[in-house]
Amino acid sequence: QKEVEQNSGPLSVPEGAIASLNCTYSDRGSQSFFWYRQYSGKSPELIMFIYSNGDKEDGRFTAQLNKASQYVSLLIRDSQPSDSATYLCAVNGLLRTFGNEKLTFGTGTRLTIIP
Amino acid sequence: DTEVTQTPKHLVMGMTNKKSLKCEQHMGHRAMYWYKQKAKKPPELMFVYSYEKLSINESVPSRFSPECPNSSLLNLHLHALQPEDSALYLCASSQDPRDRGRTDTQYFGPGTRLTVL
């Protein structure tokens with residue numbers, strides 16, 4: 001079982017619709033969860049971080065965390081063509097001693113917004 | 001301001017060359033990271049410096065040599081690389097790697113695109 005799993009896609013969503021990206025992780029001890037957006041040829045850009053169970057909203061983005069089920073998701077409302085990118089889920093605190101956590105990435109989901 | 005800068009943006013080097021990648025942040029962050037990313041793959045951790053000390057080395061070959069001269073700077077020295085080392089090299093920083101769940105958010109620089117001929 002991979003430590004952090006994402007559906008690789010590609011995920012195609014019509015412009016204006018809601019895009020839903022999902023991620024599961026293996027270690028119940030994980031503490032911090034991140035979503036990064038990466039355009040082709042560019043570096044990862046932080047979109048959201050979430051530490052507590054529940055929802056966290058920032059503009060058109062909502063991150064959802066359920067530690068009991070070990071999943072984290074990202075919803076993008078009113079999807080725009082500029083949202084087309086690869087979205088990386090990252091989890092901190094997997095399998096490391098305190099103070100030496102490793103940020104573990106999923107393989108990323110390629111999202112395409114169709115005008 | 002969450003800016004991490006990296007130089008150069010692009011680097012082409014031969015297998016016998018010695019070169020260095022540089023990374024800088026002025027956010028007062030106490031952890032800095034080197035990642036390697038191949039096309040269509042997630043970033044792969046190479047090294048972590050925590051409070052200017054090397055805390056994680058992910059079994060990286062010795063042809064890659066990291067250096068942290070001070071809390072704002074991180075270098076990656078390259079020597080005798082192989083063509084398969086061609087990749088995007090990313091630097092990142094976080095505020096306090098010990099403060100789990102609070103200030104461990106990592107911010108990435110723009111990367112250096114390395115080509116080894």
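Reminder, nothing fancy here: chain letters follow the sequence lines and each chain counts from 1.
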**Complete:** Taken to the nearest 0.5 Å, the spacing of B:K40 NZ from A:R110 CZ works out to 6.0 Å

**Complete:** Exactly one of B:F108, B:Y35, B:Y107 clears side-chain contact (heavy atoms from CB on, under 4.5 Å) with A:P44, and that residue is B:F108

**Fill in**
Here the pair of heavy atoms bringing B:P43 nearest to A:L88 is CD-CD1, 4.0 Å

**Prompt:** Do A:Y36 and B:Q106 have side-chain heavy atoms sitting under 4.5 Å apart?
**Reply:** yes

**Prompt:** Can you hop from A:L46 to A:Y39 via hydrophobic side chains spaced under 4.5 Å?
**Reply:** no

**Asked** Okay, side chain of A:S43, backbone of B:G109: is any donor-acceptor separation there less than 3.5 Å?
**Response** yes

**Request:** Would you mind checking which part of A:E45 comes under 4.5 Å of any heavy atom in chain B, side chain (CB onward), backbone (N, CA, C, O), both or neither?
**Result:** neither

**Asked** Roughly how far, to the nearest 0.5 Å, is the CG atom of A:L103 from the OH atom of B:Y33?
**Response** 7.5 Å

**Request:** Spell out, yes or no, whether A:Y71 and A:Y25 are grouped together once hydrophobic residues are joined by side-chain heavy atoms under 4.5 Å, including indirect joins.
**Result:** no

**Prompt:** Which atoms of B:E44 come close to chain A, meaning under 4.5 Å heavy atom to heavy atom: side chain ones, backbone ones, both, or neither?
**Reply:** neither

**Request:** Measure A:F33 against the heavy atoms of chain B and call it side chain, backbone, both or neither at under 4.5 Å.
**Result:** neither

**Prompt:** Rounded to the nearest 0.5 Å, how far apart are NZ of B:K41 and CZ of A:F105?
**Reply:** 15.0 Å

**Item:** Cluster overlap B:L73 with B:V48, hydrophobic side-chain contacts below 4.5 Å
**Value:** no

**Request:** Kindly work out whether a path of hydrophobic side-chain contacts (I/L/V/M/F/W/Y, heavy atoms less than 4.5 Å apart) joins A:L75 to A:I50.
**Result:** no

**Complete:** Against chain A, residues from residues 75-92 of chain B with at least one heavy atom under 4.5 Å, in numeric order, are B:L88, B:L90

**Item:** A:I18 with A:L21, same ILVMFWY side-chain cluster at under 4.5 Å
**Value:** no

